[in-house]
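Read through the structure below, which is laid out as structure tokens, and then see the notes.
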Number of protein chains: 2
Amino acid sequence: MIGTKQKILDTAERLFALQGYAATSMRQIISEAGVNLAAIHYHFGSKEELLDEVVLRKAGPVNAERLARLEAAVADGQTPQVGEILEAFLRPMAASASQNEQFVRFMGRVYAEGLLPHVVEKHFQPALARFRDGLRQALPELPEQEFLWRIHFMMGALAHTMCGAPESLQLLGVSAGFQDRIDRLKRFLSAGFRAEGE
Amino acid sequence: MIGTKQKILDTAERLFALQGYAATSMRQIISEAGVNLAAIHYHFGSKEELLDEVVLRKAGPVNAERLARLEAAVADGQTPQVGEILEAFLRPMAASASQNEQFVRFMGRVYAEGLLPHVVEKHFQPALARFRDGLRQALPELPEQEFLWRIHFMMGALAHTMCGAPESLQLLGVSAGFQDRIDRLKRFLSAGFRAEGE
DNA sequence: GTCTATACTGAGATAGAC
DNA sequence: GTCTATCTCAGTATAGAC
């Protein structure tokens with residue numbers, strides 16, 4: 001028998017991915033999950049904390065995979081290549097998208113919205129910080145401010161790229177998949193990061 | 001004597017910029033504007049349409065300036081440079097930011113959020129379409145899908161760059177201004193667009 | 001410890017009097 | 001054009017049953 005908490009998490013994940021966070025009411029979640037309204041507050045405390053746990057379940061494995069790949073890219077002793085580091089950071093997301101594309105889009109939106117800053121801070125920043133250090137090794141000569149801004153540009157492009165459904169982008173055909181998007185994004189970002197600074 | 005509609009527009013602009021769209025209630029707007037709640041519905045129809053008019057007032061001049069610069073860059077007969085086209089698109093925003101930095105941040109958020117798609121579509125897409133054509137002339141050899149995705153990456157980086165307050169980015173010092181941001185973004189995007197395709 | 005029923009506050013929207 | 005009153009629905013909080 002599946003517990004109340006699990007039912008809420010599963011239903012919330014599905015509805016958030018389909019409709020977005022704001023557009024999904026707690027009453028819709030509990031109705032489709034077949035539980036009582038107060039159960040959300042009992043198990044999670046608030047709607048925002050429910051989102052927090054939903055994101056954690058999905059983002060946790062992605063971030064773990066990112067860190068594992070990053071370790072491998074950095075630890076071989078040599079100066080890592082920009083493309084290698086980007087690959088370590090971007091590819092796990094494409095893998096996750098092949099399981100649940102809708103939810104990856106949702107996570108892109110969570111990041112891009114900048115609302116729920118606590119959720120973003122908690123689930124995205126730690127892995128990003130490690131990644132930033134790795135990328136710094138690959139770009140030792142870039143001035144610090146320029147480097148930090150480029151990280152910021154990258155995150156904007158990444159979040160926006162995750163969000164979009166191909167239909168809405170008028171980008172159709174075989175190139176619509178996440179693997180393909182990540183390939184294109186990597187080419188774009190690699191060149192941007194390696195541009196002359198200041 | 002300033003009319004009710006103007007008072008609502010001015011107050012809404014200020015509060016949206018300060019607090020965001022969702023966090024600003026219609027009751028707060030009418031309270032600070034000194035008008036009645038129903039006046040918003042009478043003059044605008046809904047909260048979303050009020051946002052629409054607030055955005056139009058600010059984005060209209062920026063887009064006009066963009067188009068004027070784009071014409072100048074494209075119409076001199078020669079193949080335009082990527083950097084020129086980007087300059088025409090990005091610089092007017094920095095100029096607008098020097099007047100009202102808070103509201104430019106808010107517009108970045110409106111775009112990034114992807115909520116209010118109708119507002120985004122209406123006020124950002126037309127100028128973007130013209131700009132895309134101009135950039136296409138500067139990059140005639142890039143495969144179409146690659147080109148369109150790079151436009152998408154650019155818009156993500158741009159929106160995210162506009163949103164952020166320097167404090168929250170840990171990017172302090174002289175480099176925090178919008179002119180400087182745009183310079184850095186232009187370097188980054190120029191290199192990205194000119195990278196080898198596919 | 002878990003869950004249900006119900007009430008509270010504040011949001012956007014609307015009808016109709018003036 | 002403007003304002004009052006009211007409607008519906010959101011997230012939240014609590015008392016109490018099992």
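Each chain gets a letter, A, B and so on, in the order the sequences are listed, and its residues count up from 1. Being a predicted model, the structure only gives us computed values, none of them experimental. Computed from heavy atoms alone, side chains included, the values below leave out hydrogens, waters and symmetry copies.
Applying a 4.0 Å cut-off to non-hydrogen atoms, the residues of residues 42-55 of chain A that approach DNA chain C are A/Tyr42, A/His43, listed by residue number. Contacts between residues 29-38 of chain A and DNA chain C, defined by a heavy-atom separation under 4.0 Å, are made by A/Asn36, A/Ala38.
Ion pairing between A/Asp10 and A/Lys5 fails under the 4.0 Å rule for side-chain N and carboxylate O.
With sequence neighbours left out, B/Gln28 forms a side chain to side chain contact (heavy atoms under 4.5 Å, CB included) with B/Leu15, B/Gln19, B/Thr24, B/Ser25, B/Glu32. For A/Lys47, there are no salt bridge (charged side-chain N to carboxylate O under 4.0 Å, His left out) partners, not counting sequence neighbours. Applying the salt bridge (charged side-chain N to carboxylate O under 4.0 Å, His left out) test to A/Glu101 and every residue at least two apart in sequence or in another chain returns A/Arg105. Under the side chain to side chain donor-acceptor pair (under 3.5 Å) criterion, B/Arg136 pairs with B/Glu144, sequence neighbours left out. Every residue two or more places apart in sequence or in another chain was checked for a side chain to side chain contact (heavy atoms under 4.5 Å, CB included) with B/Ser98, and none qualifies. Under the rule for a side chain to side chain donor-acceptor pair (under 3.5 Å), the partners of A/Lys122 that lie at least two apart in sequence or sit in another chain are A/Asp52. Listed by chain and number, the residues in a salt bridge (charged side-chain N to carboxylate O under 4.0 Å, His left out) with B/Arg69 are B/Glu65 (sequence neighbours excluded).
The CD1 atom of A/Ile40 sits 12 Å away from the P atom of D/dA10 (whole-angstrom rounding). Rounded to whole Å, the distance from CE on A/Met26 to C1' on D/dA13 is 11 Å. Atom pair A/Arg27:CZ and D/dT8:C1' shows a separation of 11 Å (rounding to whole Å applied).
Residues in residues 76-108 of chain B take part in these ring pair (Phe, Tyr, Trp, His ring centres under 6.0 Å) pairs, two or more places apart or across chains: B/Phe16-B/Phe106, B/Phe89-B/Phe131, B/Phe103-B/Phe106.
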Do any side-chain atoms of residues 188-198 of chain B form donor-acceptor pairs under 3.5 angstrom with protein atoms, and if so which ones, sequence neighbours left out?
unit_1   : atom_1 : unit_2   : atom_2 : d
B/Ser190 : OG     : B/Lys186 : O      : 2.9

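When DNA chain C is scanned in the 5' to 3' direction for atoms under 4.0 Å from non-hydrogen atoms of chain B, the outermost contacting nucleotides are C/dA11 to C/dT14.
Along DNA chain D, the nucleotide closest to B/Thr4 and the one closest to A/Ser25 are compared, and the more 5′ of them pairs with B/Thr4.
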